[in-house]
Amino acid sequence: MQHISPIKRRPSRQIRVGSLLVGGDAPISVQSMTNTETCDVEATVGQIRALEKAGADLVRVSVPSMEAAEAFGKIREQIELPLVADIHFDYRIALRVAELGVDCLRINPGNIGREDRVREVVAAARDKGISMRIGVNAGSLEKDLQKKYGEPTPAALVESALRHVDYLDRLDFQEYKVSVKASDVFMAVEAYRQLAREIEQPLHLGITEAGGLRSGTVKSAVGLGALLMDGIGDTLRISLAADPVEEIKVGFDLLKSLRLRSKGVNFIACPSCSRQNFDVVATMNELENRVEDLLTPLDVAVIGCVVNGPGEAREAELGLTGGSPQHLLYIDGKPASKVDSAQLLDQLEEVIRTKAAEKQARLDQLLAKD
């Protein structure tokens, strides 16, 4: 199967978020945000670890108060994954989490306050080697821009971002990324396209407040997919009213579909029809749950009949074609063995895990040589 993406990514400046590189030739990173009460340290640490297990590259934590800032410090002590602190209204919270080991500060220009306050936050970030994100949101634009444009527009979002980009440039601070999020797909996509032509900094993509698991996934896929196909985007967050772990899964599925990044099993599965020789839907639902812990990239085709099955199986690393009375398993594009329906799930899981372990061992050897 072809793994090289035809997408040419927009050149951007590379910054560091803790141990993670963002922008330049670094892989597009996938992040989420905790929805626990930050002051509940145990619950927040547990959720971050669940996100890390799902493959998250970094996690954002809301820090709405000084009490939450102190809790963030305790969370930081237990987590190695890069952490972003989400700061609104009170710049002093940003100064405090900078002391407590945050990797990136997300500030909203619409509510962080006067330029002198931003100057203090920038000074702290520079002193501690912390990067920043200018997070513009259609729902919280500066009052003068609301008055100027009458309503949120792509131009208003970009103007908000550029005035703060200009301010950071005047302070000679370049370690930042920018987002211009809106819940409206057209507004967000146009704002990002305009901004991408104006600056060299990495862009954080997102359709804010996208919706529930299904509707939010569709809306995010449409908006972010359009931008990613344009080569725009260096890190992303899928905003869903759902378990944050789902945001990581959707984010990687989106990148896998565009061949921009591979993590975990990439399933090629038919929607099933009356030609199927086993229950494809039930098999896929169970199989995805069983192997969702695997992070090694692997292409697996699961097709219910012999119409498209052999062709898809030959292109995948592992493939299953439904047959009667037995189904045919392919490994590296070649027929390997026959499988009975009763043992189908167990044998598929076993061969997937074996193949993933072998591939990961080869990848580790290559990395060791480098």
Side-chain angles (χ1 to χ4, degrees), residues 15-23 29-52 56-113 117-137 140 161 164 168 171 173-179 181 201-206 208 234-237 239 244 247-248:
I15 67 170
R16 184 178 292 276
V17 180
S19 59
L20 180 71
L21 294 175
V22 176
S29 52
V30 178
Q31 58 183 282
S32 182
M33 185 174 181
T34 57
N35 59 14
T36 53
E37 172 61 51
T38 302
C39 289
D40 187 340
V41 173
E42 183 179 358
T44 304
V45 167
Q47 190 170 77
I48 293 172
R49 287 177 173 158
L51 290 166
E52 184 174 21
D57 296 300
L58 64 160
V59 174
R60 181 156 46 114
V61 178
S62 178
V63 189
S65 65
M66 291 303 292
E67 182 183 8
E70 298 305 320
F72 178 87
K74 297 175 182 177
I75 294 165
R76 170 80 285 176
E77 291 173 357
Q78 301 177 57
I79 296 294
E80 294 185 5
L81 201 69
L83 296 180
V84 180
D86 196 72
I87 311 295
H88 293 274
F89 304 112
D90 192 344
Y91 76 104
R92 293 170 298 180
I93 298 173
L95 300 180
R96 180 58 181 149
V97 294
E99 296 175 352
L100 294 171
V102 74
D103 297 300
C104 181
L105 294 167
R106 187 271 188 171
I107 61 170
N108 188 327
N111 61 39
I112 198 65
R117 294 175 177 176
V118 177
R119 190 183 307 120
E120 283 194 59
V121 174
V122 170
R126 192 196 314 275
D127 181 59
K128 301 291 186 181
I130 298 168
S131 59
M132 296 178 63
R133 171 159 75 95
I134 297 172
V136 177
N137 194 298
S140 54
H164 293 279
L168 293 184
L171 292 175
F173 186 83
Q174 300 297 324
E175 297 302 303
Y176 64 92
K177 48 193 168 124
V178 187
S179 64
K181 295 186 180 183
Q201 273 69 29
L203 297 179
H204 166 114
L205 300 187
T208 192
D234 302 283
T235 184
L236 63 85
R237 188 234 173 150
S239 297
E247 299 184 351
I248 300 301

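Sequential numbering from 1 along the given sequence is applied to the chain's residues. No experiment lies behind these values; they were computed from the predicted model shown.
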Pairwise side-chain contact, Gln174 with Tyr176, heavy-atom cut-off 4.5 Å (strictly under) | yes
Any idea which heavy atoms bring Glu37 and Thr44 closest together, and the distance?
-> O-OG1, 3.2 Å
To the nearest 0.5 Å, atom CZ of Arg76 lies from atom CG of Leu81 at 8.0 Å
By side chain to side chain contact (heavy atoms under 4.5 Å, CB included), which residues pair with Arg96, not counting sequence neighbours?
-> Met66, Ala69, Glu70, Glu99, Leu100
Residues Ile87, Val97; criterion side-chain contact (heavy atoms from CB on, under 4.5 Å); working and verdict | CA-CA 10 Å; Ile87 311 295; Val97 294; 4.3 Å; yes
Step-by-step side-chain contact (heavy atoms from CB on, under 4.5 Å) determination, Ile107 to His164 | CA-CA 11 Å; Ile107 61 170; His164 293 279; over 6 Å; no
Any idea which heavy atoms bring Ala98 and Ala124 closest together, and the distance?
-> CB-CB, 4.3 Å
Between Ala85 and Val63 the two heavy atoms that sit nearest each other are CB-CG2, 3.9 Å
The reported gap from NE2 in His204 to CG in Leu236 (rounded to nearest 0.5 angstrom) is 7.5 Å
To the nearest 0.5 Å, how far apart are CZ in Arg237 and CG in Leu58?
-> 11.0 Å
Which pair of heavy atoms, one from Ser29 and one from Val22, lies closest together, and at what distance?
-> OG-CG2, 4.2 Å
Where is the tightest heavy-atom contact between Val59 and Ala56, given as atom of each residue plus distance?
-> CG2-CB, 4.3 Å
Taking all non-hydrogen atoms of both residues, which atom of Ala161 and which atom of Val178 are closest, and how far apart?
-> CB-CG1, 4.0 Å
Run the numbers on Lys177 and Thr235 for side-chain contact (heavy atoms from CB on, under 4.5 Å), then give the verdict.
-> CA-CA 9 Å; Lys177 48 193 168 124; Thr235 184; 4.2 Å; yes
So does Glu67 have more than 12 non-hydrogen atoms from other groups sitting under 6.0 Å from CD?
-> no
Please answer whether the main-chain N or O of Thr34 pairs with a side-chain N or O of Ser62 as donor and acceptor at a distance below 3.5 Å.
-> no
Distance col, row Arg16:CZ vs Glu175:CD, nearest 0.5 angstrom, shows 9.5 Å
Is the number of heavy atoms from other residues, nucleotides or ligands within 6.0 Å of CD (Gln78) greater than 12?
-> yes
All pairs passing side chain to side chain donor-acceptor pair (under 3.5 Å) where residues 120-136 contributes a residue, at least two apart = Arg133-Ser179
Is Asp103 reaching over with its side chain to a backbone N or O of Leu83, donor-acceptor style, under 3.5 angstrom?
-> yes
Thr208 and Ser239 side chains, donor-acceptor separation under 3.5 Å | no
Mind checking side chain to side chain contact (heavy atoms under 4.5 Å, CB included) for Ser19 and listing every partner two or more places apart, or none if nothing turns up?
-> Pro82
Could you state the interatomic distance from CD (Glu52) to OG (Ser32), rounded to the nearest 0.5 Å?
-> 13.0 Å
Could you walk me through whether Thr38 and Ile75 pass side-chain contact (heavy atoms from CB on, under 4.5 Å), step by step?
-> CA-CA 9 Å; Thr38 302; Ile75 294 165; 4.1 Å; yes
Just how far is it from atom CD of Gln47 to atom CG of Leu51, taken to the nearest 0.5 Å?
-> 5.5 Å
